[in-house]
Amino acid sequence: MAIKSPLINVMERAARKAGRGLLRDFGEVEQLQVRTKGPADFVSNADHKADQTIREELGHARPDFTMLTEESGETAGTDGMYRWIVDPLDGTTNFLHGIPHFCISIGVEGRSILGGKQVSEIVAGIVYDPVHDQSFWAEKGVGAYLNDRRLRVSGRRDLATSLIASGLPTLGRADPDVHQAETRALMEKVAGLRRFGAAALDLAWVAAGRYEAFWEVALKPWDIAAGILLVREAGGFVTEVNGGNNMMTSGSILASNGQIHAEIRGILAKSH
Ligand code: IPD
Ligand code: CA
Ligand code: CA
């Protein structure tokens, strides 16, 4: 039985409360009023309500943390050490199309001074799938869990038995030719490729050993903050697609079980 820290309990309470609202709205998805925020970026009433619920819950429990959410931007906190990084609804396009694959993602970034330099790292994260009531959570040094069960990445070392997920660069978010070349190169070597449409859940599923790897570019910090820690705490490996370590600023990510990381990275790099 996993012992959850007060911080994780705060995050889980917020995610579950927002999740109940999302589920109610998902049931009436046809009646939701949708307005357009930008290309490929629909924002629903449900999204805004979830954003507000999470901001209220987290803000109430830790009023001094900085708050960054996809829908409300950043509000500076007074403590300067911790920042919430929130996607109140990841998988919006699925949600709007009535596809039950979406989640809430909440990460906590901690800042510290190391050798005179400021460094940031994710110290806690939760990805909550309200449809299946699956709470993927992790705390630095404590491990990654699905509800109460400890998570480990998959042990597969062989590409031919590996399932790999990605995100498609729709509506000009990234170069479609690059992605096409990458998938073409992988297709010949892996057991399967998947594109489910919620990056935070994709990362949680790598942590849970459901996929061996996931890659995508042009993501935002709220898509990946919690998932990065989940994968690492489950024993996996996370880099940018080019092997760098600036995922949170570049939005490029390759997360894997560690066993096939170098091989996948090599195939992606050579494909274009
Ligand atoms: C999107 C999803 C999708 C990914 C997009 C994200 P949203 O987030 O994570 O899987 O491919 O890049 O923007 O808009 O549903 O929060
Ligand atoms: Ca998102
Ligand atoms: Ca979102």
Side-chain angles (χ1 to χ4, degrees), residues 14-15 18-19 21-23 25-26 29 32 34-55 58 67-74 84-107 122 125-131 136 164-176 178-180 182-183 193-207 210-211 213-228 230-231 238 240-241 247-255:
L22 285 178
L23 271 189
D25 288 334
F26 186 65
V29 78
L32 283 178
V34 177
R35 55 195 170 84
T36 310
K37 196 173 76 175
D41 202 354
F42 295 100
V43 179
S44 67
N45 285 337
D47 202 350
H48 284 290
K49 281 190 281 178
D51 183 79
Q52 195 180 342
T53 301
I54 294 169
R55 279 188 295 114
L58 299 180
M67 173 85 70
L68 171 66
T69 81
E70 180 176 14
E71 302 311 328
S72 304
E74 186 162 297
W84 298 113
I85 303 178
V86 177
D87 191 340
L89 171 57
D90 186 52
T92 322
T93 310
N94 285 342
F95 188 93
L96 289 174
H97 285 252
I99 296 169
H101 187 79
F102 54 86
C103 65
I104 290 156
S105 176
I106 304 173
I122 309 299
I126 183 168
V127 173
Y128 180 58
D129 167 355
V131 173
F136 301 88
I164 315 294
S166 186
L168 296 174
T170 44
L171 293 167
R173 275 191 310 113
D175 188 342
V178 168
H179 195 268
Q180 204 172 18
E182 291 173 342
T183 43
L193 289 168
R194 297 289 184 270
R195 193 306 183 223
F196 284 131
L201 264 183
D202 285 323
L203 289 165
W205 284 20
V206 172
R210 296 176 184 176
Y211 318 131
F214 163 72
W215 91 99
E216 187 164 352
V217 296
L219 289 169
K220 301 290 186 193
W222 44 79
D223 297 318
I224 58 177
I228 289 173
L230 274 160
V231 173
V238 185
E240 294 175 88
V241 173
M247 296 77 70
M248 292 287 284
T249 43
S250 71
S252 161
I253 197 161
L254 170 61

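Remember, it's 1-based here, ligands and their atoms both numbered in the order they're listed.
For the pair D223 (side chain) and D90 (backbone), a donor-acceptor distance under 3.5 Å is absent. Using a distance-only test at 3.5 Å, with no hydrogens or angles considered, a donor-acceptor pair links the side chain of S252 to the main chain of V241.
Considering backbone and side-chain N/O atoms, L168 never comes within less than 3.5 Å of an N/O atom of ligand 1. At under 3.5 Å, a nitrogen or oxygen of D90, whether backbone or side chain, sits near a nitrogen or oxygen of ligand 1. Here's the thing with A200: none of its N/O atoms is less than 3.5 angstrom from an N/O atom of ligand 1. For the pair L89 and ligand 1, the shortest N or O to N or O distance falls below 3.5 Å. Not a single N or O atom of D202, backbone or side chain, sits closer than 3.5 Å to an N or O atom of ligand 1.
Rounding to the nearest 0.5 angstrom, the gap separating the CD1 atom in I54 from the CD1 atom in I104 is 5.0 Å. Between the CZ atom in F102 and the OH atom in Y128 there is a gap of 10.0 Å [rounded to 0.5 Å]. Distance CG/L203 to CG/L230: 8.0 Å, rounded to 0.5 Å. To the nearest 0.5 angstrom, D47 atom CG is 8.0 Å from F95 atom CZ. Taken from NZ in K49 to CD in Q52, the straight-line distance is 10.0 Å, to the nearest 0.5 Å.
The side-chain heavy atoms of I224 and I122, taken from C-beta on, include no pair separated by under 4.5 Å. Side chains of V206 and Y211 form a contact here, defined as non-hydrogen atoms less than 4.5 Å apart.
Angle OD1(D223) to the Ca ion (ligand 2) to OD1(D90), rounded to 10°: 100°. Rounding to the nearest 10°, we obtain 80° for the angle at the Ca ion (ligand 3) between D87 OD1 and L89 O.
Near G197, the atoms of ligand 1 lying under 4.0 angstrom from a non-hydrogen atom of the residue are 2 (C), 3 (C), 10 (O). Near L219, the atoms of ligand 1 lying under 4.0 angstrom from a non-hydrogen atom of the residue are 12 (O). Atom numbering of ligand 1 starts at 1 in the shown order; those under 4.0 Å from a heavy atom of G91 are 7 (P), 15 (O). Near A199, meaning under 4.0 Å from any of its heavy atoms, are these atoms of ligand 1: 2 (C), 9 (O), 10 (O). Against a heavy-atom cut-off of under 4.0 Å, A198 is close to the following atoms of ligand 1: 9 (O), 10 (O).
The shell of residues lying under 4.0 angstrom from ligand 1, judged by heavy atoms, includes R173. Using a 4.0 Å cutoff on heavy atoms, R195 counts as a contact of ligand 1.
Contacts between D87 and ligand 1, counted as non-hydrogen atom pairs separated by less than 4.0 Å, involve the side chain only. Counting heavy atoms closer than 4.0 Å to ligand 1, residue T92 contributes atoms from both its backbone and its side chain.
When distances from the Ca ion (ligand 3) to the N, O or S atoms of E70 are compared, OE1 comes out shortest.
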Could you walk me through whether D51 and T69 pass the side chain to side chain donor-acceptor pair (under 3.5 Å) test, one step at a time?
CA-CA 7 Å; D51 183 79; T69 81; 2.6 Å; yes

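When the shell of 6.0 Å around CD of E74 is examined, it contains more than 12 heavy atoms from other residues, nucleotides or ligands.
Of the options E216, H101, E71, E70, the smallest heavy-atom separation from atom 5 (C) of ligand 1 is shown by E216.
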